[in-house]
Amino acid sequence: MTEYREKSYLPCNVFLIGFMGTGKSTIAKALQKLSQAEIIEMDEIIAQQEGRSISDIFAKEGEAYFRSLETRLITEIGTSCGKIVSCGGGVPMREENVREMRKGGKVILLTAQPSTILDRVVNDSNRPLLEGKKNVEDIRNLMEQRRVKYEQAADVTITTDNKTAEQIALEIKEQINV
Ligand code: S3P
């Protein structure tokens, strides 16, 4: 982690937002190769801090508790610079989170078709909000409920269907002028 911090070419934090399965974590890694920036993987940090999985946090403490952890973390991140932040899919749903992101960086929205999302999440069991909803119709509905907030939070929107992570990382790099 420290290895990257000193060499980052990013002028400000880059927040990758978007629905579950839009490729935020994978694209963060590809962007890291281009920018040498440190990655902050929000879900991973929250799970580490809590000493349990995201599914466990949801099951035992409920969603509101998890959301307050996200807000605390995004506020802490706001004080740093030059990092790639791979956000949990629900982060832009809270206005205070969006304010924090826009204060300290560029917000990049990644999108994908519901069928692409389904392909990417079908075998994953650590996304509690998708349990029992792993079908195109339910995914489309949940995406639609969130669409406006995602769009309002974003400085730049990038579609990810049928593109490699490297292509997308290059697009982001061009969009943020580094
Ligand atoms: C969530 C997305 C997940 C994780 C949690 C809730 C959401 O992150 O934060 O399960 O509300 O969209 P990913 O988008 O990285 O899967």
Side-chain angles (χ1 to χ4, degrees), residues 13-32 37-78 83-98 100-101 105 107-154 156-161 163 165 168-169 172:
N13 290 329
V14 173
F15 293 91
L16 301 180
I17 64 165
F19 198 78
M20 293 166 270
T22 47
K24 299 177 293 278
S25 306
T26 310
I27 292 159
K29 288 186 191 121
L31 189 58
Q32 182 177 56
E38 179 186 346
I39 295 175
I40 300 184
E41 183 66 52
M42 286 189 64
D43 280 353
E44 216 173 276
I45 293 178
I46 289 174
Q48 267 169 20
Q49 286 174 342
E50 288 285 299
R52 50 193 167 162
S53 70
I54 302 295
S55 292
D56 270 9
I57 301 171
F58 266 74
K60 301 216 172 81
E61 313 295 341
E63 184 173 348
Y65 177 83
F66 174 74
R67 298 301 175 199
S68 65
L69 298 178
E70 283 185 323
T71 298
R72 191 179 70 191
L73 179 56
I74 205 97
T75 307
E76 282 166 19
I77 294 168
K83 301 196 173 141
I84 302 163
V85 187
S86 172
C87 294
V91 166
M93 298 305 112
R94 275 197 183 182
E95 268 178 35
E96 55 192 311
N97 297 347
V98 175
E100 284 303 325
M101 292 192 283
V107 183
I108 313 291
L109 171 62
L110 303 175
T111 66
Q113 292 301 314
S115 54
T116 307
I117 303 274
L118 180 61
D119 284 348
R120 293 177 184 163
V121 302
V122 75
N123 293 320
D124 187 289
S125 57
N126 200 28
R127 287 185 168 110
L129 295 182
L130 288 182
E131 282 316 305
K133 295 195 171 155
K134 286 187 184 147
N135 61 78
V136 167
E137 206 42 45
D138 282 334
I139 289 174
R140 181 178 288 115
N141 288 340
L142 191 48
M143 285 173 75
E144 191 50 33
Q145 285 166 30
R146 292 181 164 197
R147 190 173 53 81
V148 171
K149 287 201 170 150
Y150 281 141
E151 288 174 359
Q152 283 172 346
V156 175
T157 301
I158 295 180
T159 58
T160 65
D161 305 276
K163 290 180 189 166
I168 297 162
I172 295 173

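Whatever order the structure lists them in is the order used to number ligands and atoms, beginning at 1. Owing to the predicted nature of the structure, the values given are computational and were not obtained by experimental measurement.
- Residue Arg146 holds the heavy atom nearest to atom 12 (O) of ligand 1 of all those in Met42, Glu44, Arg146.
- Here is the list of ligand 1 atoms found below 4.0 Å of a heavy atom in Pro128: 10 (O).
- Ligand 1 has Arg67 within reach: a non-hydrogen atom of the residue lies less than 4.0 Å from it.
- Atom-to-atom distance recorded for Arg140:CZ and Met143:CE is 8.5 Å, nearest 0.5 angstrom.
- Under the 30°/60° scheme for interplanar angles, the aromatic rings of Tyr150 and Phe19 are found to stand perpendicular.
- The 12-atom threshold is exceeded at CD of Gln49, counting heavy atoms of other residues, nucleotides or ligands nearer than 6.0 Å.
- Looking at Met143 against ligand 1, nothing comes within 4.0 Å, counting heavy atoms.
- Nearest protein heavy-atom contact of atom 14 (O) of ligand 1 is Lys24 NZ, 2.7 Å.
- The shortest N or O to N or O distance between Gly18 and ligand 1 is not below 3.5 Å.
- Considering only residues two or more places apart in sequence or on other chains, Glu61 meets the side chain to side chain donor-acceptor pair (under 3.5 Å) condition with Arg52.
- Near Gly88, the atoms of ligand 1 lying under 4.0 angstrom from a non-hydrogen atom of the residue are 8 (O), 9 (O), 14 (O).
- Within 6.0 Å of atom NZ in Lys163, more than 12 heavy atoms from other residues, nucleotides or ligands are found, so the atom counts as buried in its surroundings.
- Taking only non-hydrogen atoms, the option from Glu41, Met93, Arg127 nearest to atom 16 (O) of ligand 1 is Arg127.
- Every atom of ligand 1 is numbered from 1 in the order shown, and the set under 4.0 Å from a heavy atom of Asp43 is 3 (C), 4 (C), 8 (O), 9 (O), 13 (P), 15 (O).
- Each of the following atoms of ligand 1 lies closer than 4.0 Å to a heavy atom of Leu129: 7 (C), 11 (O).
- In terms of the side chain to side chain donor-acceptor pair (under 3.5 Å) criterion, residue partners of Ser25 (sequence neighbours excluded) are, by chain and number, Glu41.
- No donor-acceptor pair under 3.5 Å is formed between the side chain of Asn13 and the backbone N or O of Gly105.
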